[in-house]
Engineer: 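Next up is a structure, given as structure tokens.
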Amino acid sequence: MRLTTKQRAAIETVNGHLGIVACAGSGKTEVIAQRVVNLLRQPGVEPRNIVAFTFTERAAAELKQRIFSRVREQLGDVRGLAELFVGTMHGYALNLLQSHVPETFKCTVLSEVQSRVLIDRNSKSSGLTNTYIRSTGKPPRKMKRYRESRLYQRAMDLMREDHVDIDQLPADVVDGLNAYRMLLRRHHYLDYTEIIRLTADLLLPPSSTAATAAAPVVNLRDHVRETVQHVVVDEYQDTNPVQEQMIKGLTQFGANLCVVGDDDQTIYQWRGSAVSNILTFASRYTGAKIVDLNENFRSSPAVVDLARQVVERIDPSHRLTKSMTASGHQRYDRGDLLALAFKSPQEEAAGICDRIEWMLGLPFIDRPGGEPRGLTYSDFSVLFRSVAKDADALVAEMRARGIPYIIKGLHRLFETPEVKAAKSCFDYIADTVDSSAVIAAWLDAQLGLREEDLRRGIKILDDARGWTQGTPWDTYTIQGIYQRFLGEIGLREDHLEASIGPQRSELAFYNLGRFSTAIGDYERIHFLSSPPDRFTTFAKWLEYQAGYYYEESDADDGYAQPEAVTIATVHQAKGMQWPAVFIPCMRSNRFPSKKHGGLNVFHVVPQAAVSDADRYRGSEEDERRLFYVAATRAQKYLTLSFSPGTSQLYRKESKFFVEATRNTYVMTKAPTVPDESTLNRIEPTPAGSKPDIVFSFSELKYLFECPYQFKLRFLYGFDSPLQKELGYGKSLHDVMAEVHKRAVKGDIVNDTEVEGLVDRHLHAPFAPDPLKQKLRLAAIRAVRRYLTENRSRLPWTEHSELPVEVHLTPGVAVAGRIDLIRRLDTGEQSIVDYKSDERAHAEEVTRDQLHIYVAGYEELSGNRADVVEILNLDERSRSVREPVDDVLMKDIADKIAEAGDRIRRNDMPRKTTWCDTCATCDFSSICRDRPTSP
DNA sequence: TGCGTAAGCCTTTTT
DNA sequence: GGCTTACGCA
């Protein structure tokens, strides 16, 4: 790729702070990657000195891959490249906390849904029901459980993410925040916001607490001072105030900061992101150099012109002045840009489908000087302001015509018939419906089930109803009952495929898998409640809460790139591009969206306490930026359309739509083509860009062991039933990690420290007290035994918890941590994995894993280890020690490549027969029959 | 054009 | 329950 002068300037600026203002399609990923290469050329800069943040994990995978290939091309093999951090700020911060701040060692991270369940379950001690809502002209009233937990959660987020003046907050709100944070702490939880807040405060203590900074904080700050030399922040326009504090904290010791962003693409201000961060960057970081990348290489001149028109109507004092120019190879042909008005949503949907079908096979050139290929379904996307509200007509039309599509965006999962049926099981257990309702619901889902099958299932549910005091609760987990029920009624993919076909079967399983995820979210928080309570409150939660939380989307697993039209919200389209983009339903009050009434977070947190609170409310300018993002996704074809909605609010054309019709490139009617042959249609062919895959070691282990188990777990979302002992293995692991980390520094743990060590790390949240004691003693014994047997070797510990990444095959990376690298008495180097229970993976799979580690360590250090070991911490199980197998090393690359291909092809078949893996698999009941005689 | 009233709706979502 | 928008009336 040839670089422009400005791109080169950005790449070559390696000293001092740098702000890159990069318009849509300006090749910023490439610029970031090449700049990183240049940083690595600097004397004294190692990969571990560079930290690069992206907004999403997906963007991280892409950037990482790009950096790796540029480094390989330009610098060859670079030692320690896996230590270059590319990921989200949350990921980095969590790492930092869990390796330096002991109070967070045991913590697990709650998803948004889980933290809301936590708030509702602890409605009082979370502060929810003691906090007031203050509406204008009304006396303040307390917040309500379930009803307002979402709002409360937003208030909790806002106060930790933004600059809030404590003195301006009512006492109950301050108490609420403290209560919620105490609740998290007491249960060893972190939520997403807390991760960043804690890190930011430890790095840059707010002045009032500066004096109390304790030892671990010094450690963390020292670590940052010693390692961080360069910080790169992508999508800087969407950072919020805490994130900015954390960035400042990371660079306070003299590291160089490079921010990359585009103020015109700020689309998360309703979540607190502050455009002001990028607008005032140059004045806040002294000596910062600013480079504008205003050449758009993605889109045709017409698309660029329209996009400019959209965004140049924003008040200039609210933007960085810049003028995007079209510099790519896409040509404009008349009819590429359309603004079409239809009479009804149905006609609009039909019009879009007509146009897609008509455009199939039109020649399209991906790269300058490249060969044309024919447009295919995956070259189209339809971007809605709100998928949930507006996409129904289009989905119906596409389904009717057989146009393949994938939907992204929150949808109503709980309205699908199979999930309604699953839900009815818990209504039955809660005794709000009778068994005939359950049977009717399942038959209604049309999954080819027979009534007699369902009668067998009802017996399982009766069993759950019959719980009596004294029965161990863990025989009655919601998850366990759910999966036993599914197994008992014969709900298995092989049965379903035979009766209703593979497509419907896959969708049903996907939805039932999501339901399993929902159960897991709920049950992890409610593990302490007795089974009857758990089941009835779960039924209520499903009824009133869960419906809004989960996404419905079948064909998209994030790995495979299906041959289908993408239907998505504008927000989700950020960072993507398509040859042809449709933006339908451009109605007044929808896009730009009208302001919304009702309760909002400022009824809890007074607006006066928040600086620049207005940005949360959303303005026409914000909507303009959103429209700009939507339009600039198009490479060549852009079709805007309007049809009146059913309610009077949405009957008129959008202001943006009307503006667009005034653009000279835009036609309000598609040109007729007198002679089809002039279009030179060619065979539709997908662009063939394979998405990059990053596996974790544990994912890969599941995939090696049984591809179908991987599919059930990671693609459909089936969750394992909770085990009382859960957390023991990880705790023991963490203890060993501390032992070895200290050993690396020459500090050998002695026997008297073992108890303290175990107490610091042991966290088994689902274990009742007697079991907790048992686990504690078991852990102490295991660690003592280990120390006795290995004390003489501890000084030869070389690494503990070493992050590695393996790139044995293009497009597929495997990332993980090596438990331990040590020298043996023979002087040989050994790579070690610990095991702590019998339920661990088969030896053969662990052997594969260890050989991947060997490859990873070789990539990182240039050294090939001699031996691999499986150290079993459980007394009764044996350990394994064997030489690195060169044949296996050769095969492993092929195995990884094959795994990647499987994922991309969605080829994860069931095993043909019952095997050892099935015997320990959590999901065997929804997969196959257990053989009657072994 | 200005004002008062009543109808209608209550996104977007990453970590 | 709250707030914005549309609309009717002067």
Side-chain angles (χ1 to χ4, degrees), chain A residues 53-60 87-95 97 109-116 133-141 143-144 147-148 150-151 153-154 157 160-161 190-199 234-235 237-240 242-243 246 265-273 383-391 408-411 548-551 553 558 568-575 585 587-604 616-620 622-623 625-627 629-630 645-652:
Chain A
F53 295 133
T54 56
F55 199 63
T56 61
E57 291 293 351
R58 182 200 201 116
T88 61
M89 292 185 73
H90 293 84
Y92 184 82
L94 185 63
N95 246 327
L97 292 175
V109 178
L110 294 181
S111 69
E112 194 185 326
V113 175
Q114 290 171 324
S115 83
R116 199 168 314 156
I133 300 246
R134 294 171 172 82
S135 306
T136 41
K138 297 210 160 184
R141 49 159 259 257
M143 296 184 84
K144 297 197 182 96
R147 246 193 161 161
E148 276 141 7
R150 187 195 179 107
L151 183 63
Q153 192 177 28
R154 292 184 73 175
D157 279 343
R160 289 174 297 159
E161 282 174 344
L190 291 169
D191 67 12
Y192 296 127
T193 306
E194 195 68 10
I195 294 172
I196 304 284
R197 178 83 258 168
L198 281 179
T199 309
D234 193 13
E235 305 282 12
Q237 77 281 357
D238 276 326
T239 51
N240 62 32
V242 226
Q243 289 174 320
M246 177 173 147
Q265 296 187 60
T266 312
I267 58 172
Y268 284 101
Q269 49 286 92
W270 48 273
R271 259 200 50 239
S273 69
L383 306 180
F384 287 91
R385 177 68 244 262
S386 164
V387 165
K389 299 248 155 44
D390 289 338
K408 298 180 171 194
L410 292 169
H411 219 239
Y548 308 103
Y549 300 161
Y550 295 92
E551 193 169 331
S553 168
T569 61
V570 181
H571 287 87
Q572 284 168 320
K574 184 179 188 173
C585 298
R587 300 163 179 163
S588 68
N589 289 325
R590 172 69 76 213
F591 200 4
S593 170
K594 82 176 180 72
K595 295 194 174 162
H596 289 115
L599 283 176
N600 67 55
V601 72
F602 294 114
H603 290 102
V604 183
Y616 284 90
R617 316 220 87 196
S619 63
E620 187 187 302
D622 294 334
E623 296 286 318
R625 289 187 256 262
L626 204 49
F627 184 43
V629 168
T646 37
S647 114
Q648 59 245 41
L649 270 179
Y650 304 118
R651 274 201 301 247
K652 292 201 288 197

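For the numbers below, each heavy atom of this structure counts, side chains included, while hydrogens, waters and symmetry mates do not. To find a chain, count down the sequence lines: A is the first, B the second, and so on, and within it residues start at 1. Computed from a predicted model, the values in this text were never measured in an experiment.
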Engineer: Using only heavy-atom distances, decide whether a donor-acceptor pair under 3.5 angstrom links the side-chain of Arg271(A) to the base of dT14(B).
Structural biologist: yes
Engineer: Regarding Tyr650(A), tell me which of base, sugar-phosphate or nothing describes its non-hydrogen contacts under 4.0 Å with the strands shown.
Structural biologist: sugar-phosphate
Engineer: Stacking between Trp270(A) and the base of dT12(B) (centre distance under 5.5 Å, interplanar angle under 30°)?
Structural biologist: yes
Engineer: Over how many whole Å does the gap from Lys389(A) atom NZ to dT13(B) atom C1' extend?
Structural biologist: 13 Å
Engineer: Would you mind reporting whether Tyr192(A) and Val109(A) have side-chain heavy atoms less than 4.5 Å apart?
Structural biologist: yes
Engineer: Report the residues that fulfil ring pair (Phe, Tyr, Trp, His ring centres under 6.0 Å) with Tyr268(A), sequence neighbours left out, ordered by chain and then residue number.
Structural biologist: Phe55(A), Trp270(A), His571(A)
Engineer: What's Asn589(A) touching, base or sugar-phosphate or nothing? Going by heavy atoms closer than 4.0 Å.
Structural biologist: sugar-phosphate
Engineer: Rounded to whole Å, please give me the gap between CG in Leu97(A) and P in dT15(B).
Structural biologist: 18 Å
Engineer: Remember a base hit wins even if backbone is also touched, and classify Thr88(A) as base, sugar-phosphate or nothing at under 4.0 Å, heavy atoms.
Structural biologist: sugar-phosphate
Engineer: Output the rounded distance in Å from OH (Tyr616(A)) to C1' (dT13(B)).
Structural biologist: 14 Å
Engineer: In terms of the nearest nucleotide of DNA chain C, which residue is placed more toward the 5' end: Asn600(A) or Arg651(A)?
Structural biologist: Asn600(A)
Engineer: So, OP1 or OP2 of dT12(B): does either fall under 4.0 Å of a side-chain N or O from Thr569(A)?
Structural biologist: no
Engineer: Among all residues two or more places apart in sequence or in another chain, which pass the ring pair (Phe, Tyr, Trp, His ring centres under 6.0 Å) test with Tyr650(A)?
Structural biologist: none
Engineer: Any donor-acceptor pair under 3.5 Å between the side chain of Arg385(A) and the base of dT11(B)?
Structural biologist: yes
Engineer: With sequence neighbours left out, what residues match Ala93(A) under side chain to side chain contact (heavy atoms under 4.5 Å, CB included)?
Structural biologist: Ile195(A), Ile196(A), Thr199(A), Met246(A)
Engineer: Is there side-chain contact between Lys389(A) and Arg590(A), with at least one heavy-atom pair below 4.5 Å?
Structural biologist: yes
Engineer: Ile196(A) CD1 to dT14(B) P: how many Å, rounded?
Structural biologist: 16 Å
Engineer: In this structure, how many angstroms lie between the C1' atom of dT13(B) and the NE2 atom of His571(A), rounded?
Structural biologist: 8 Å
Engineer: Could you state the atom-to-atom distance from CD1 of Ile267(A) to P of dT13(B) in whole Å?
Structural biologist: 9 Å
Engineer: Any idea which heavy atoms bring Gln265(A) and Gln237(A) closest together, and the distance?
Structural biologist: O-NE2, 3.6 Å
Engineer: Round to a whole Å and report the spacing from CZ of Arg590(A) to P of dC9(B).
Structural biologist: 10 Å
Engineer: Tell me which of Glu623(A) and Lys594(A) sits closer to the 5' end of DNA chain B, going by the nucleotide each one is nearest to.
Structural biologist: Lys594(A)
Engineer: Report the residues that fulfil side-chain hydrogen bond (donor to acceptor under 3.5 Å, both in side chains) with Ser273(A), sequence neighbours left out, ordered by chain and then residue number.
Structural biologist: Asp238(A)
Engineer: How would you list, by chain and number, every residue that makes a side chain to side chain contact (heavy atoms under 4.5 Å, CB included) with Arg154(A), sequence neighbours excluded?
Structural biologist: Val601(A)
Engineer: Work out how far the C1' atom of dG2(C) is from that of dT13(B), and round it to whole angstrom.
Structural biologist: 24 Å
Engineer: Taking 5' to 3' order, which nucleotide of DNA chain C is first and which is last to have an atom within less than 4.0 Å of a heavy atom in chain A?
Structural biologist: dG1(C) to dC7(C)
Engineer: Starting at atom CD of Glu161(A), determine the distance to atom C1' of dT14(B), rounded to an integer number of angstrom.
Structural biologist: 10 Å
Engineer: Choose from dT12(B), dC9(B), dT15(B) the nucleotide whose nearest atom is closest to any side-chain atom of His90(A).
Structural biologist: dT15(B)
Engineer: Which of the following nucleotides, dC9(B), dT11(B), dT15(B), is nearest to the side chain of Glu57(A)?
Structural biologist: dT15(B)
Engineer: For Ser588(A) and for His603(A), find the nucleotide of DNA chain C with the closest heavy atom, then tell me which residue's nucleotide is more 5'.
Structural biologist: His603(A)
Engineer: Counting side-chain heavy atoms from C-beta on, which of dT12(B), dT15(B), dT14(B) comes nearest to Gln572(A)?
Structural biologist: dT14(B)
Engineer: Under 4.0 Å between any heavy atoms, over every strand shown, what does Arg154(A) touch: base, sugar-phosphate, or nothing? Just pick one.
Structural biologist: nothing
